[in-house]
Protein chains: 2
Amino acid sequence: MNIGEASGRSGLPAKTIRYYEDIGLIRPDRSNNGYRDYGADDVHKLRFLHRSRSLGFSVEECRQLLALYEDKSRASADVKDIAATKLIEIDRKIRELTELRHTLEHLVHACHGNERPDCPILEELSEG
Amino acid sequence: MNIGEASGRSGLPAKTIRYYEDIGLIRPDRSNNGYRDYGADDVHKLRFLHRSRSLGFSVEECRQLLALYEDKSRASADVKDIAATKLIEIDRKIRELTELRHTLEHLVHACHGNERPDCPILEELSEG
DNA sequence: TATGAACCTTCCTGTTACTGGAAGGTCAAG
DNA sequence: CTTGACCTTCCAGTAACAGGAAGGTTCATA
């Protein structure tokens, strides 16, 4: 199938699929007219990539996961390590954002938001 | 003062300070030897930038905040709008990350993480 | 048969917010 | 006088694509 259909079936934009080929994540066949030609297994990989990316794995992590996925002799512990490390990162991000949220909420509530020039938000930003 | 001291006082790397000058956020004087020469107000602005960036404002938003900060006639409502919009964004990010966290945690717990090749994480990634 | 739309191709640039490094000038101390 | 710590400019690279130009292919339709 052409890239348009592979895009539709995998949920990835054609631009992204070409990019993934550029960086060596997938290698589709070529038709006689020069068009990329994707098989069912290619679409499978593309869906794998789509899902892993949306779960917060970087492209390099996806490359590792894909290699593990294709390696029948790998241990599931290898995969679990990658996922567990990512989980810790996500927890940290959530903590940081929550703290940020509290600070910002405090500032927004403290600001009366009227036509007068004094503003607690700017005051805090310039002093903090 | 030279860029090194301005860096130390503002908490921003010298590279970042030069970058902020490149994109027109600050305009320090120059000494006779060509070195950048920062005053107390420059350091004040740099600290403002540092803090706003760490609160999740983009550089362009910081530019707006800085302009509002320097404009004595601005209304505090303008600032409040920017901060409130950012608050909504942060909430959305937290929600997305939390959902992500649940999915990943589920996967990590489902995986026994041993030497055998079957792995629920990869299975879910390839099917989801 | 011509033509137009809807595909596809490669290549180049731009995005965000910096970071790293090369090549070279300046300054204070020993 | 040289060494080391500063400083300067400029160029390239990062992550993960997105947008667009210029042009080839295919298919349906007038």
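Note on naming: letters A, B, ... go to the chains in the order of the sequence lines (proteins, then strands), and numbering restarts at 1 for each one.
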Handout entry: Non-hydrogen side-chain atoms of Ile90(B) and Thr98(A) separated by less than 4.5 Å
Key = no

Practice task
Round to a whole Å and report the spacing from CD of Glu60(B) to P of dG14(C).
Solution key: 17 Å

Practice task
Using atom types as modelled and distance alone, determine if a side-chain donor or acceptor of Arg47(A) lies under 3.5 Å from a backbone N or O of Gly11(A).
Solution key: no

Handout entry: Listed nucleotide nearest any side-chain atom of Arg18(B), set dA16(D), dA17(C), dT9(D)
Key = dT9(D)

Problem - salt_bridge(Glu21(B), Arg18(B)) N-O dist < 4.0 Å - result: no

Handout entry: Asp22(A) CG - dA18(D) C1' separation (whole Å)
Key = 13 Å

Problem - Nearest-angstrom distance from the residue atom CG of Asn32(B) to C1' of dC7(D) - result: 15 Å

Practice task
Measure the shortest side-chain to side-chain distance between Arg30(B) and Asp37(B) over non-hydrogen atoms and say whether it is less than 4.5 angstrom.
Solution key: no

Practice task
Describe the nucleic acid contact of Ile3(B) in one word from base, sugar-phosphate, nothing, applying a heavy-atom distance below 4.0 Å.
Solution key: sugar-phosphate

Completion exercise
DNA chain C nearest-nucleotide lookup for Arg30(A) and Ser58(B): closer to the 5′ end is Arg30(A)

Practice task
Calculate the interatomic distance between Ile23(A) atom CD1 and dA15(D) atom C1'; express it in whole Å.
Solution key: 10 Å

Handout entry: Distance below 4.0 Å between Tyr20(A) side-chain N/O and dA16(D) OP1 or OP2
Key = no

Handout entry: Transitive ILVMFWY side-chain link Tyr35(A) to Tyr38(A), under 4.5 Å
Key = no

Exercise for the section: Provide, to the nearest angstrom, the distance between the CG atom belonging to Asp29(A) and the P atom belonging to dT9(C). Expected result: 13 Å

Atom pairs, N/O to N/O, protein against nucleotides 20-22 of chain D, distance under 3.5 Å?
unit_1, atom_1, unit_2, atom_2, d
dG20(D), O6, Lys15(A), NZ, 2.4

Problem - Sugar-phosphate only, base, or nothing, as touched by Arg36(A) at under 4.0 Å among non-hydrogen atoms - result: sugar-phosphate

Practice task
Considering just the side-chain nitrogens and oxygens of Thr16(B), establish if one lies under 4.0 Å of OP1 or OP2 belonging to dT19(C).
Solution key: yes

Practice task
For dG25(C), take OP1 and OP2 only and decide whether either is under 4.0 Å from a side-chain N or O of Asn33(B).
Solution key: no

Problem - Residue closer to the 5' end of DNA chain D, Tyr35(A) versus Tyr19(A) (nearest nucleotide) - result: Tyr19(A)

Exercise for the section: Report the distance from atom CZ of Arg53(A) to atom C1' of dA16(D), rounded to the nearest whole Å. Expected result: 7 Å

Problem - Atom-pair distance (CD on Glu21(B); C1' on dT9(D)), nearest Å - result: 12 Å

Problem - Parallel, tilted or perpendicular: rings of Tyr69(A) and Phe48(A) (30°, 60°) - result: tilted

Handout entry: Between P of dC7(C) and CE of Met1(A), the distance in whole Å
Key = 16 Å

Practice task
Report yes if some heavy atom in the side chain of Glu99(A) is under 4.5 Å from a heavy atom in the side chain of Glu96(A); otherwise report no.
Solution key: no

